[in-house]
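Here is the structure we will look at, set down as C-alpha coordinates.
Order of listing sets the numbers, starting from 1, for every ligand and every atom in it.
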Amino acid sequence: MPGFELFGEKEKAQVNDVLDSGVLMRYGFDGMRNGHWKAKELEKALENRMQVNHAHLLSSGTAALTVALACAKVGAGDEVIIPTFTFVASFEAVLSVGAIPVLVDVDDTLTLDPKAVEKAITTKTKVVMPVHMCGSMADLAALKAICDQHDLLMVEDSCQAIGGSYEGKPLGSYGDLGCFSFDYVKTITCGEGGALITNNEEFYTTAHQFSDHGHDHIGNDRGAENHPILGYNYRISELHAAVGLAQIDRLDSFIDIQKKNYTILRSALDVLPGVAFRRVPENGVENYSFLNFYMPTEELARNVISALSENGVDACFYWYDNNWHYYKKWSHLKNLNSLSPLSDQIKNGLTDFSKSNFSQSDHWVGRNISCLIKLGWTEEEVKQRAENMINAIKSVIN
Ligand SMILES: *Cc1c(COP(=O)(O)O)cnc(C)c1O
(Lines give C-alpha, C1' and ligand atoms only; values in the text may rest on other atoms or scores of the structure.)
Protein backbone atom coordinates (compact mmCIF):
# COMPACT_ATOMS: atom_id res chain seq x y z
CA MET A 1 0.00 0.00 0.00
CA PRO A 2 2.54 2.68 0.84
CA GLY A 3 3.29 5.26 -1.81
CA PHE A 4 6.77 5.67 -0.35
CA GLU A 5 7.74 2.38 -1.99
CA LEU A 6 7.75 4.08 -5.38
CA PHE A 7 8.94 7.48 -4.22
CA GLY A 8 11.33 9.07 -6.72
CA GLU A 9 12.20 11.68 -9.32
CA LYS A 10 8.71 13.11 -9.81
CA GLU A 11 8.37 13.82 -6.09
CA LYS A 12 11.82 15.46 -6.03
CA ALA A 13 11.00 17.69 -9.00
CA GLN A 14 7.82 18.93 -7.32
CA VAL A 15 9.57 19.58 -4.01
CA ASN A 16 12.41 21.40 -5.78
CA ASP A 17 9.91 23.83 -7.34
CA VAL A 18 8.96 24.81 -3.79
CA LEU A 19 12.52 24.94 -2.49
CA ASP A 20 13.63 27.07 -5.45
CA SER A 21 10.92 29.65 -4.81
CA GLY A 22 11.47 29.50 -1.05
CA VAL A 23 7.73 29.82 -0.34
CA LEU A 24 6.87 26.95 1.96
CA MET A 25 3.45 28.27 2.96
CA ARG A 26 0.31 27.53 0.99
CA TYR A 27 -1.21 31.00 1.38
CA GLY A 28 0.12 34.41 0.37
CA PHE A 29 3.57 35.49 -0.87
CA ASP A 30 2.09 35.72 -4.36
CA GLY A 31 5.00 37.70 -5.82
CA MET A 32 7.70 35.31 -4.65
CA ARG A 33 6.26 31.94 -5.57
CA ASN A 34 7.08 31.70 -9.28
CA GLY A 35 3.48 30.71 -9.94
CA HIS A 36 3.72 27.61 -7.75
CA TRP A 37 0.58 26.81 -5.73
CA LYS A 38 1.14 23.16 -4.87
CA ALA A 39 -1.63 22.87 -2.25
CA LYS A 40 -4.17 24.49 -4.58
CA GLU A 41 -3.10 22.27 -7.47
CA LEU A 42 -3.36 19.14 -5.37
CA GLU A 43 -6.84 20.21 -4.21
CA LYS A 44 -7.89 20.62 -7.88
CA ALA A 45 -6.43 17.21 -8.71
CA LEU A 46 -8.33 15.63 -5.80
CA GLU A 47 -11.59 17.33 -6.84
CA ASN A 48 -11.17 15.88 -10.34
CA ARG A 49 -10.18 12.39 -9.22
CA MET A 50 -12.89 12.19 -6.52
CA GLN A 51 -15.57 13.88 -8.67
CA VAL A 52 -16.50 16.37 -5.95
CA ASN A 53 -16.99 20.12 -5.84
CA HIS A 54 -14.49 20.74 -3.06
CA ALA A 55 -11.29 19.31 -1.63
CA HIS A 56 -9.32 20.91 1.18
CA LEU A 57 -5.88 19.75 2.32
CA LEU A 58 -4.96 19.46 5.99
CA SER A 59 -1.93 18.62 8.08
CA SER A 60 -3.01 15.00 8.68
CA GLY A 61 -5.85 12.52 8.34
CA THR A 62 -6.63 13.01 12.03
CA ALA A 63 -6.88 16.77 11.37
CA ALA A 64 -9.20 16.02 8.44
CA LEU A 65 -11.52 14.00 10.71
CA THR A 66 -11.44 16.74 13.35
CA VAL A 67 -12.21 19.47 10.81
CA ALA A 68 -14.97 17.33 9.24
CA LEU A 69 -16.63 17.06 12.67
CA ALA A 70 -16.34 20.83 13.08
CA CYS A 71 -18.03 21.26 9.67
CA ALA A 72 -20.82 18.99 10.92
CA LYS A 73 -21.08 21.27 14.00
CA VAL A 74 -20.36 18.38 16.35
CA GLY A 75 -19.47 19.54 19.85
CA ALA A 76 -19.96 19.09 23.58
CA GLY A 77 -22.65 16.56 24.45
CA ASP A 78 -22.98 15.18 20.91
CA GLU A 79 -22.35 11.54 20.06
CA VAL A 80 -20.51 10.14 17.06
CA ILE A 81 -20.83 6.49 16.08
CA ILE A 82 -17.55 4.79 15.19
CA PRO A 83 -16.59 1.11 14.73
CA THR A 84 -14.75 -1.05 17.27
CA PHE A 85 -12.22 -1.89 14.54
CA THR A 86 -10.61 1.34 13.37
CA PHE A 87 -7.49 3.37 13.92
CA VAL A 88 -7.40 5.15 17.28
CA ALA A 89 -7.48 8.48 15.38
CA SER A 90 -11.27 8.12 14.97
CA PHE A 91 -11.64 8.08 18.74
CA GLU A 92 -9.21 10.99 19.19
CA ALA A 93 -10.90 13.19 16.59
CA VAL A 94 -14.31 12.83 18.23
CA LEU A 95 -12.91 13.63 21.69
CA SER A 96 -10.95 16.60 20.35
CA VAL A 97 -14.17 18.45 19.49
CA GLY A 98 -15.60 17.66 22.92
CA ALA A 99 -18.00 14.99 21.70
CA ILE A 100 -18.48 11.39 22.82
CA PRO A 101 -17.33 8.48 20.66
CA VAL A 102 -19.84 5.62 20.68
CA LEU A 103 -18.27 2.32 19.65
CA VAL A 104 -20.40 -0.04 17.56
CA ASP A 105 -19.89 -3.62 16.32
CA VAL A 106 -18.43 -4.50 12.94
CA ASP A 107 -19.75 -7.33 10.74
CA ASP A 108 -18.22 -9.59 8.08
CA THR A 109 -17.25 -6.49 6.06
CA LEU A 110 -14.91 -5.62 8.99
CA THR A 111 -16.65 -2.24 9.08
CA LEU A 112 -19.78 -0.79 10.73
CA ASP A 113 -22.73 -3.15 10.97
CA PRO A 114 -25.82 -1.11 9.95
CA LYS A 115 -28.07 -3.03 12.35
CA ALA A 116 -25.76 -2.28 15.27
CA VAL A 117 -25.59 1.39 14.22
CA GLU A 118 -29.36 1.68 14.26
CA LYS A 119 -29.48 0.30 17.80
CA ALA A 120 -26.85 2.75 19.04
CA ILE A 121 -28.62 5.92 17.87
CA THR A 122 -29.81 8.25 20.64
CA THR A 123 -31.18 11.79 20.65
CA LYS A 124 -27.57 12.99 20.99
CA THR A 125 -26.22 11.22 17.90
CA LYS A 126 -25.02 13.68 15.23
CA VAL A 127 -22.72 11.73 12.93
CA VAL A 128 -22.13 8.17 11.76
CA MET A 129 -18.49 7.61 10.83
CA PRO A 130 -17.85 4.48 8.78
CA VAL A 131 -14.14 3.64 8.58
CA HIS A 132 -13.13 1.87 5.37
CA MET A 133 -10.51 -0.28 7.09
CA CYS A 134 -7.90 -2.06 5.01
CA GLY A 135 -9.26 -0.76 1.71
CA SER A 136 -12.93 -1.79 1.81
CA MET A 137 -16.22 -0.34 2.93
CA ALA A 138 -19.40 -0.98 4.90
CA ASP A 139 -22.87 -1.35 3.37
CA LEU A 140 -22.92 2.38 2.72
CA ALA A 141 -26.39 2.43 1.13
CA ALA A 142 -27.85 0.89 4.30
CA LEU A 143 -25.93 3.36 6.49
CA LYS A 144 -27.03 6.27 4.32
CA ALA A 145 -30.69 5.21 4.64
CA ILE A 146 -30.28 5.13 8.44
CA CYS A 147 -28.61 8.57 8.42
CA ASP A 148 -31.38 10.04 6.27
CA GLN A 149 -34.08 8.56 8.45
CA HIS A 150 -32.56 9.95 11.66
CA ASP A 151 -31.27 13.21 10.21
CA LEU A 152 -27.60 12.35 10.81
CA LEU A 153 -24.55 13.21 8.75
CA MET A 154 -22.16 10.59 7.36
CA VAL A 155 -18.43 11.30 7.61
CA GLU A 156 -16.41 8.69 5.72
CA ASP A 157 -12.99 7.85 7.09
CA SER A 158 -11.39 6.84 3.78
CA CYS A 159 -7.85 7.13 5.10
CA GLN A 160 -7.05 3.50 4.19
CA ALA A 161 -9.22 3.22 1.10
CA ILE A 162 -8.30 5.97 -1.34
CA GLY A 163 -9.02 4.77 -4.89
CA GLY A 164 -11.84 2.38 -3.93
CA SER A 165 -15.45 3.10 -4.91
CA TYR A 166 -19.06 2.40 -4.00
CA GLU A 167 -21.96 2.51 -6.47
CA GLY A 168 -19.49 4.02 -8.93
CA LYS A 169 -18.59 6.89 -6.58
CA PRO A 170 -15.05 7.25 -5.23
CA LEU A 171 -14.91 6.32 -1.53
CA GLY A 172 -15.02 9.53 0.48
CA SER A 173 -17.52 11.13 -1.90
CA TYR A 174 -20.52 9.00 -0.93
CA GLY A 175 -21.22 10.55 2.48
CA ASP A 176 -21.57 14.22 3.42
CA LEU A 177 -17.85 14.58 4.11
CA GLY A 178 -14.93 12.28 3.31
CA CYS A 179 -11.44 12.21 4.84
CA PHE A 180 -8.10 10.98 3.52
CA SER A 181 -4.69 10.57 5.15
CA PHE A 182 -1.43 11.04 3.29
CA ASP A 183 0.83 9.98 6.15
CA TYR A 184 3.95 8.03 5.32
CA VAL A 185 2.37 4.55 5.22
CA LYS A 186 -0.78 5.33 3.26
CA THR A 187 -1.50 4.44 -0.39
CA ILE A 188 -0.30 7.85 -1.49
CA THR A 189 1.78 10.00 0.82
CA CYS A 190 2.79 13.61 1.43
CA GLY A 191 5.08 12.59 4.32
CA GLU A 192 2.35 13.92 6.60
CA GLY A 193 -0.94 15.29 5.33
CA GLY A 194 -4.64 14.75 4.85
CA ALA A 195 -7.66 16.01 2.95
CA LEU A 196 -11.36 16.54 3.33
CA ILE A 197 -13.75 16.33 0.38
CA THR A 198 -17.37 17.43 0.10
CA ASN A 199 -20.00 18.66 -2.32
CA ASN A 200 -21.39 21.01 0.30
CA GLU A 201 -20.28 24.62 -0.13
CA GLU A 202 -20.94 25.56 3.49
CA PHE A 203 -18.86 22.65 4.81
CA TYR A 204 -16.04 23.62 2.48
CA THR A 205 -16.09 27.23 3.71
CA THR A 206 -15.94 26.06 7.33
CA ALA A 207 -13.14 23.62 6.47
CA HIS A 208 -10.74 26.13 4.92
CA GLN A 209 -11.50 28.82 7.50
CA PHE A 210 -11.46 26.58 10.59
CA SER A 211 -8.15 24.98 9.59
CA ASP A 212 -6.44 28.38 9.21
CA HIS A 213 -7.32 30.43 12.33
CA GLY A 214 -10.67 31.45 10.83
CA HIS A 215 -9.15 33.39 7.89
CA ASP A 216 -11.75 34.12 5.19
CA HIS A 217 -9.18 33.75 2.36
CA ILE A 218 -10.65 36.67 0.43
CA GLY A 219 -8.31 38.96 -1.50
CA ASN A 220 -4.53 38.67 -1.64
CA ASP A 221 -3.50 40.58 1.48
CA ARG A 222 -3.42 37.98 4.21
CA GLY A 223 -2.93 40.61 6.89
CA ALA A 224 -6.15 42.37 5.90
CA GLU A 225 -8.37 39.28 5.85
CA ASN A 226 -11.37 38.97 8.13
CA HIS A 227 -11.92 36.12 10.57
CA PRO A 228 -15.61 35.27 10.44
CA ILE A 229 -15.22 32.16 12.62
CA LEU A 230 -12.97 30.74 15.31
CA GLY A 231 -10.27 28.51 13.94
CA TYR A 232 -7.06 26.60 14.64
CA ASN A 233 -4.05 25.67 12.56
CA TYR A 234 -4.43 22.42 10.64
CA ARG A 235 -2.69 23.72 7.49
CA ILE A 236 -0.57 21.61 5.17
CA SER A 237 2.74 23.06 3.97
CA GLU A 238 3.64 23.57 0.31
CA LEU A 239 6.47 21.06 0.68
CA HIS A 240 4.11 18.30 1.76
CA ALA A 241 1.54 19.23 -0.88
CA ALA A 242 4.27 19.11 -3.55
CA VAL A 243 5.04 15.49 -2.67
CA GLY A 244 1.33 14.65 -2.84
CA LEU A 245 0.98 16.31 -6.22
CA ALA A 246 3.49 13.88 -7.69
CA GLN A 247 1.80 10.96 -5.93
CA ILE A 248 -1.81 11.65 -6.92
CA ASP A 249 -0.83 11.35 -10.58
CA ARG A 250 0.32 7.85 -9.79
CA LEU A 251 -2.67 6.77 -7.67
CA ASP A 252 -4.39 4.77 -10.39
CA SER A 253 -1.19 2.98 -11.36
CA PHE A 254 -0.61 2.14 -7.65
CA ILE A 255 -4.13 0.68 -7.44
CA ASP A 256 -3.53 -1.37 -10.60
CA ILE A 257 -0.37 -2.87 -9.10
CA GLN A 258 -2.18 -3.62 -5.83
CA LYS A 259 -5.04 -5.27 -7.69
CA LYS A 260 -2.66 -7.45 -9.70
CA ASN A 261 -0.74 -8.63 -6.62
CA TYR A 262 -3.91 -9.05 -4.57
CA THR A 263 -5.54 -11.16 -7.27
CA ILE A 264 -2.59 -13.57 -7.47
CA LEU A 265 -2.58 -14.11 -3.68
CA ARG A 266 -6.35 -14.39 -3.43
CA SER A 267 -6.64 -16.99 -6.19
CA ALA A 268 -3.93 -19.03 -4.50
CA LEU A 269 -5.78 -19.02 -1.15
CA ASP A 270 -9.20 -19.47 -2.71
CA VAL A 271 -8.77 -23.24 -3.04
CA LEU A 272 -7.88 -23.81 0.62
CA PRO A 273 -10.59 -25.30 2.82
CA GLY A 274 -11.35 -23.18 5.89
CA VAL A 275 -10.27 -19.88 4.34
CA ALA A 276 -13.11 -17.40 3.81
CA PHE A 277 -12.63 -13.87 2.48
CA ARG A 278 -13.89 -10.63 3.91
CA ARG A 279 -17.23 -9.59 2.41
CA VAL A 280 -17.08 -6.61 0.10
CA PRO A 281 -20.59 -5.13 -0.18
CA GLU A 282 -22.41 -5.36 -3.49
CA ASN A 283 -21.53 -2.37 -5.70
CA GLY A 284 -18.32 -1.83 -3.76
CA VAL A 285 -14.82 -1.95 -5.23
CA GLU A 286 -11.96 -2.11 -2.74
CA ASN A 287 -8.58 -0.46 -3.31
CA TYR A 288 -6.75 -3.77 -2.85
CA SER A 289 -4.40 -2.41 -0.21
CA PHE A 290 -4.87 -5.52 1.98
CA LEU A 291 -6.02 -9.09 1.46
CA ASN A 292 -8.30 -9.98 4.39
CA PHE A 293 -9.46 -13.48 5.20
CA TYR A 294 -11.05 -15.39 8.07
CA MET A 295 -10.08 -18.70 9.62
CA PRO A 296 -12.81 -20.89 11.18
CA THR A 297 -11.70 -20.16 14.78
CA GLU A 298 -9.61 -17.66 16.72
CA GLU A 299 -7.17 -20.41 17.61
CA LEU A 300 -6.62 -21.36 13.97
CA ALA A 301 -6.16 -17.69 13.08
CA ARG A 302 -3.49 -17.35 15.77
CA ASN A 303 -1.79 -20.50 14.50
CA VAL A 304 -1.87 -19.25 10.91
CA ILE A 305 -0.35 -15.90 11.84
CA SER A 306 2.59 -17.72 13.52
CA ALA A 307 2.95 -20.13 10.61
CA LEU A 308 2.99 -17.24 8.13
CA SER A 309 5.82 -15.62 9.99
CA GLU A 310 7.70 -18.95 10.26
CA ASN A 311 7.33 -19.36 6.49
CA GLY A 312 8.86 -15.94 5.85
CA VAL A 313 5.60 -14.19 4.95
CA ASP A 314 5.95 -10.68 6.42
CA ALA A 315 3.46 -7.79 6.59
CA CYS A 316 0.50 -9.90 7.75
CA PHE A 317 -1.43 -8.52 10.71
CA TYR A 318 -3.60 -9.98 13.44
CA TRP A 319 -5.44 -6.76 14.32
CA TYR A 320 -7.25 -8.37 17.22
CA ASP A 321 -4.07 -8.09 19.30
CA ASN A 322 -2.97 -4.74 17.90
CA ASN A 323 -2.61 -1.75 20.22
CA TRP A 324 -3.85 0.90 17.78
CA HIS A 325 -6.62 -0.71 15.76
CA TYR A 326 -8.92 -2.71 17.98
CA TYR A 327 -10.69 -1.14 20.96
CA LYS A 328 -9.78 -4.04 23.25
CA LYS A 329 -6.13 -3.09 23.35
CA TRP A 330 -6.56 0.65 23.78
CA SER A 331 -4.98 1.17 27.17
CA HIS A 332 -6.71 4.51 27.68
CA LEU A 333 -10.02 2.66 27.50
CA LYS A 334 -8.93 0.23 30.16
CA ASN A 335 -8.06 3.13 32.40
CA LEU A 336 -10.33 6.10 31.82
CA ASN A 337 -8.18 8.17 34.19
CA SER A 338 -5.52 8.14 31.49
CA LEU A 339 -7.82 10.51 29.58
CA SER A 340 -6.74 13.09 32.14
CA PRO A 341 -6.54 16.09 29.79
CA LEU A 342 -10.30 15.78 29.19
CA SER A 343 -13.06 17.21 31.34
CA ASP A 344 -15.03 15.04 33.75
CA GLN A 345 -18.10 15.71 31.63
CA ILE A 346 -16.54 13.88 28.70
CA LYS A 347 -15.03 11.13 30.85
CA ASN A 348 -18.36 10.53 32.56
CA GLY A 349 -20.14 10.49 29.22
CA LEU A 350 -17.92 7.71 27.92
CA THR A 351 -19.12 4.17 28.24
CA ASP A 352 -16.64 1.87 29.93
CA PHE A 353 -16.05 -0.13 26.75
CA SER A 354 -13.91 -2.69 28.54
CA LYS A 355 -17.21 -3.89 30.04
CA SER A 356 -19.23 -3.75 26.80
CA ASN A 357 -20.28 -6.83 24.87
CA PHE A 358 -18.73 -6.70 21.43
CA SER A 359 -18.84 -10.44 20.85
CA GLN A 360 -19.89 -9.88 17.23
CA SER A 361 -16.77 -7.79 16.57
CA ASP A 362 -14.64 -10.36 18.38
CA HIS A 363 -16.18 -13.07 16.19
CA TRP A 364 -14.97 -11.36 12.99
CA VAL A 365 -11.82 -9.50 14.03
CA GLY A 366 -10.63 -12.42 16.18
CA ARG A 367 -10.60 -14.72 13.15
CA ASN A 368 -9.27 -12.20 10.65
CA ILE A 369 -5.85 -12.11 9.07
CA SER A 370 -4.90 -9.09 7.06
CA CYS A 371 -1.98 -9.10 4.62
CA LEU A 372 -0.58 -5.86 3.29
CA ILE A 373 -0.23 -5.69 -0.49
CA LYS A 374 3.03 -4.06 -1.47
CA LEU A 375 3.76 -2.15 -4.65
CA GLY A 376 7.41 -3.05 -4.94
CA TRP A 377 7.11 -6.85 -5.24
CA THR A 378 8.30 -8.48 -8.46
CA GLU A 379 6.01 -11.05 -10.07
CA GLU A 380 8.41 -13.74 -8.89
CA GLU A 381 8.15 -12.48 -5.31
CA VAL A 382 4.35 -12.49 -5.37
CA LYS A 383 4.26 -16.07 -6.68
CA GLN A 384 6.76 -17.19 -4.06
CA ARG A 385 4.70 -15.44 -1.44
CA ALA A 386 1.53 -17.20 -2.59
CA GLU A 387 3.30 -20.55 -2.28
CA ASN A 388 4.62 -19.71 1.20
CA MET A 389 1.15 -18.62 2.30
CA ILE A 390 -0.42 -21.85 1.05
CA ASN A 391 2.21 -23.90 2.88
CA ALA A 392 1.74 -21.96 6.08
CA ILE A 393 -2.05 -22.29 6.08
CA LYS A 394 -1.96 -25.98 5.09
CA SER A 395 0.46 -26.73 7.92
CA VAL A 396 -2.11 -25.42 10.38
CA ILE A 397 -5.25 -26.88 8.87
CA ASN A 398 -3.96 -30.44 8.34
C1 LIG B 1 -3.97 6.73 9.11
C2 LIG B 1 -5.37 6.78 9.54
C3 LIG B 1 -5.92 7.92 10.13
C4 LIG B 1 -5.12 9.11 10.56
O5 LIG B 1 -4.33 9.68 9.59
P6 LIG B 1 -3.00 10.48 10.01
O7 LIG B 1 -2.67 11.20 8.74
O8 LIG B 1 -1.95 9.48 10.39
O9 LIG B 1 -3.37 11.41 11.09
C10 LIG B 1 -7.27 7.91 10.44
N11 LIG B 1 -8.03 6.83 10.19
C12 LIG B 1 -7.54 5.71 9.64
C13 LIG B 1 -8.45 4.56 9.36
C14 LIG B 1 -6.18 5.64 9.32
O15 LIG B 1 -5.69 4.51 8.82
Please work out whether any backbone atom (N, CA, C, O) or any side-chain heavy atom from C-beta onward of [X] is under 4.0 Å from ligand 1, and answer side chain, backbone, both or neither.
X    : value
A89  : side chain
T62  : both
V131 : side chain

- Message: Strictly by ring-ring contact (aromatic ring centres under 6.0 Å, His included), give each pair with a member in residues 16-41 just once, sequence neighbours left out.
- Response: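 Of all non-adjacent pairs touching residues 16-41, those that pass ring-ring contact (aromatic ring centres under 6.0 Å, His included) are Y27-H217.
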Please tabulate, for side-chain N and O atoms in residues 71-80, each donor-acceptor pair with protein atoms closer than 3.5 Å (sequence neighbours left out).
from : atom 1 : to   : atom 2 : distance (Å)
D78  : OD2    : G75  : N      : 2.8
D78  : OD2    : K126 : NZ     : 3.2
E79  : OE1    : T122 : OG1    : 2.8

- Query: Is the shortest distance from a heavy atom of T86 to ligand 1 less than 4.0 Å?
  - Reply: no
Less than 4.0 angstrom from a charged side-chain N to a carboxylate O is my criterion; do [X] and [Y] meet it?
X    : Y    : answer
R302 : E298 : yes
K383 : E379 : yes
R279 : D139 : yes
R367 : D108 : no

[X] neighbourhood, listing ligand 1 atoms whose heavy-atom distance to it stays under 4.0 Å:
X    : answer
C159 : 2 (C), 3 (C), 10 (C), 11 (N), 12 (C), 14 (C)
G61  : 5 (O), 6 (P), 7 (O), 9 (O)
S60  : 7 (O), 9 (O)

Identify, for [atom], the protein heavy atom at the shortest distance, and state residue, atom and that distance.
atom                    : result
atom 3 (C) of ligand 1  : F87 CD2, 3.6 Å
atom 8 (O) of ligand 1  : D183 OD2, 2.6 Å
atom 11 (N) of ligand 1 : D157 OD2, 2.8 Å

- Message: For the pair C316/C371, is the SG to SG distance below 2.5 Å?
- Response: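 The sulfur gammas are closer than 2.5 Å, so yes.
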- Please walk me through it: do Y166 and Y174 pass ring-ring contact (aromatic ring centres under 6.0 Å, His included)? CA-CA 7 Å; Y166 185 80; Y174 190 84; 5.0 Å; yes
- Nearest non-hydrogen atom to atom 2 (C) of ligand 1 belongs to which of M129, Q160, K186, E92?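 Going through M129, Q160, K186, E92 one by one, K186 has the nearest heavy atom to atom 2 (C) of ligand 1.
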- Query: Would you say E192 and ligand 1 have an N/O pair spaced under 3.5 Å apart?
  - Reply: no
